[in-house]
Amino acid sequence: QVQLVESGGGLVQAGGSLRLSCAASGRTASSSTMGWFRQAPGKEREFVAAIHWSGANTFYADSVKGRFTISRDNAKTTVYLQMNSLRPEDTAVYYCAAKSSPIINWGQYDYWGQGTQVTVSS
């Protein structure tokens, strides 16, 4: 079992930056693949980024590549999403997720956080 708690969301102007954090706890938290997803009003949840448990490999959606960076701390229990050059279309609830599979570019996630709102004004 893995518990996930996101923080760091808020309101920012277009072109600005935000950093989201996801604190993971539980027996297998440090060995889990971690991902970020988002869901905008009226839209389906979409993948944003993922990172291997070792931190060595990352994977991004095309829509955020070059603007967002996913990372994790040395203890492997906190995952970050640095979001730069934010756009109004990045407005969404952002969710942290975890899974035991080491495959970072596809597959289902087993655990989810409660989400944090990110709003980008134009």
Side-chain angles (χ1 to χ4, degrees):
Q1 194 80 4
V2 177
Q3 294 79 42
L4 305 170
V5 179
E6 303 99 332
S7 61
L11 174 64
V12 64
Q13 288 189 332
S17 298
L18 278 176
R19 189 176 81 156
L20 305 183
S21 299
C22 174
S25 60
R27 189 170 59 87
T28 59
S30 62
S31 61
S32 297
T33 293
M34 302 292 290
W36 286 97
F37 291 75
R38 66 187 182 186
Q39 186 167 20
K43 295 188 177 181
E44 293 188 354
R45 186 171 60 196
E46 64 174 358
F47 169 80
V48 175
I51 187 166
H52 188 263
W53 69 266
S54 67
N57 297 308
T58 58
F59 182 67
Y60 297 91
D62 287 344
S63 58
V64 306
K65 203 172 293 183
R67 300 188 298 123
F68 291 11
T69 303
I70 188 171
S71 62
R72 63 195 306 167
D73 67 346
N74 289 336
K76 311 291 191 292
T77 57
T78 301
V79 176
Y80 305 98
L81 185 67
Q82 178 66 44
M83 305 185 294
N84 299 328
S85 302
L86 283 162
R87 305 166 180 168
E89 53 264 38
D90 294 318
T91 295
V93 177
Y94 283 71
Y95 297 91
C96 178
K99 61 178 178 176
S100 58
S101 167
I103 301 173
I104 65 170
N105 60 351
W106 66 276
Q108 298 294 320
Y109 282 72
D110 304 309
Y111 306 102
W112 294 85
Q114 81 288 351
T116 186
Q117 177 70 45
V118 172
T119 302
V120 184
S121 62
S122 57

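All residue numbers refer to positions in the sequence shown, counting from 1. Here the structure is a predicted model, which means the values were calculated and not measured.
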Just how far is it from atom OG1 of Thr78 to atom CE of Met34, taken to the nearest 0.5 Å? 8.5 Å
Could you tell me if the side chain of Ser71 sits less than 4.5 Å from the side chain of Gln82, heavy atoms only? no
For the student: nearest non-hydrogen atoms of Trp36 and Cys22, plus distance: CZ2-CB, 3.7 Å
Distance check, rounded to the nearest 0.5 Å: Ser63 atom OG versus Glu89 atom CD? 9.0 Å
Do any N or O atoms from the side chain of Thr91 and from the backbone of Val120 form a donor-acceptor pair under 3.5 angstrom? yes
Looking at every non-hydrogen atom in both residues, tell me the closest pair between Leu4 and Ala98 and how far apart they are. CD1-N, 3.8 Å
So Phe47 and Phe59, ring-ring contact (aromatic ring centres under 6.0 Å, His included) or not? Walk me through it. CA-CA 10 Å; Phe47 169 80; Phe59 182 67; 5.6 Å; yes
Please report the interatomic distance CZ(Arg38) to CD(Glu44), rounded to the nearest 0.5 Å. 14.0 Å
Residues Tyr80, Asp73; criterion side chain to side chain contact (heavy atoms under 4.5 Å, CB included); working and verdict: CA-CA 8 Å; Tyr80 305 98; Asp73 67 346; 4.3 Å; yes
Tell me whether Leu86 is reachable from Val64 by hopping between hydrophobic residues (I, L, V, M, F, W, Y) whose side-chain heavy atoms are closer than 4.5 Å. yes
Cluster check Val118, Phe68: I/L/V/M/F/W/Y, side chain < 4.5 angstrom: yes
When the side chains of residues 9-20 are checked against the rest of the protein, which donor-acceptor pairs come out under 3.5 Å, sequence neighbours left out?
| unit_1 | atom_1 | unit_2 | atom_2 | d |
| --- | --- | --- | --- | --- |
| Ser17 | OG | Asn84 | OD1 | 2.9 |

Kindly indicate whether the side chain of Thr33, heavy atoms from C-beta on, has any atom under 4.5 Å from the side chain of Ile103. no
Using atom types as modelled, flag every donor-acceptor pair under 3.5 Å from a side chain in residues 107-115 to any protein atom, sequence neighbours excluded.
| unit_1 | atom_1 | unit_2 | atom_2 | d |
| --- | --- | --- | --- | --- |
| Gln114 | NE2 | Glu6 | O | 3.4 |
| Gln114 | NE2 | Glu6 | OE1 | 3.3 |

Closest non-hydrogen atom pair between Gln39 and Lys43, with its separation: NE2-O, 3.1 Å
Determine whether Tyr60 and Val48 fall in the same hydrophobic cluster, where Ile, Leu, Val, Met, Phe, Trp and Tyr are linked whenever their side-chain heavy atoms lie under 4.5 Å apart. yes
What distance do Met83 atom CE and Tyr94 atom OH have between them, rounded to the nearest 0.5 Å? 5.5 Å
Heavy-atom donor-acceptor pair, Arg67 side chain to Ser85 backbone, under 3.5 Å: yes
Nearest heavy-atom contact between Ile104 and Ile51 is CG2-C, 4.0 Å
Donor-acceptor pair, Ser32 side chain versus Ser100 backbone, under 3.5 Å? no
Ring centres under 6.0 Å, that's the criterion: do Tyr95 and Phe37 meet it? no
Output for pair (Ser25 OG, Gln1 CD), nearest 0.5 Å, gives 9.5 Å
Assess whether a salt bridge exists between Arg87 and Asp90, defined as any Lys/Arg side-chain N lying under 4.0 Å from an Asp/Glu carboxylate O. no
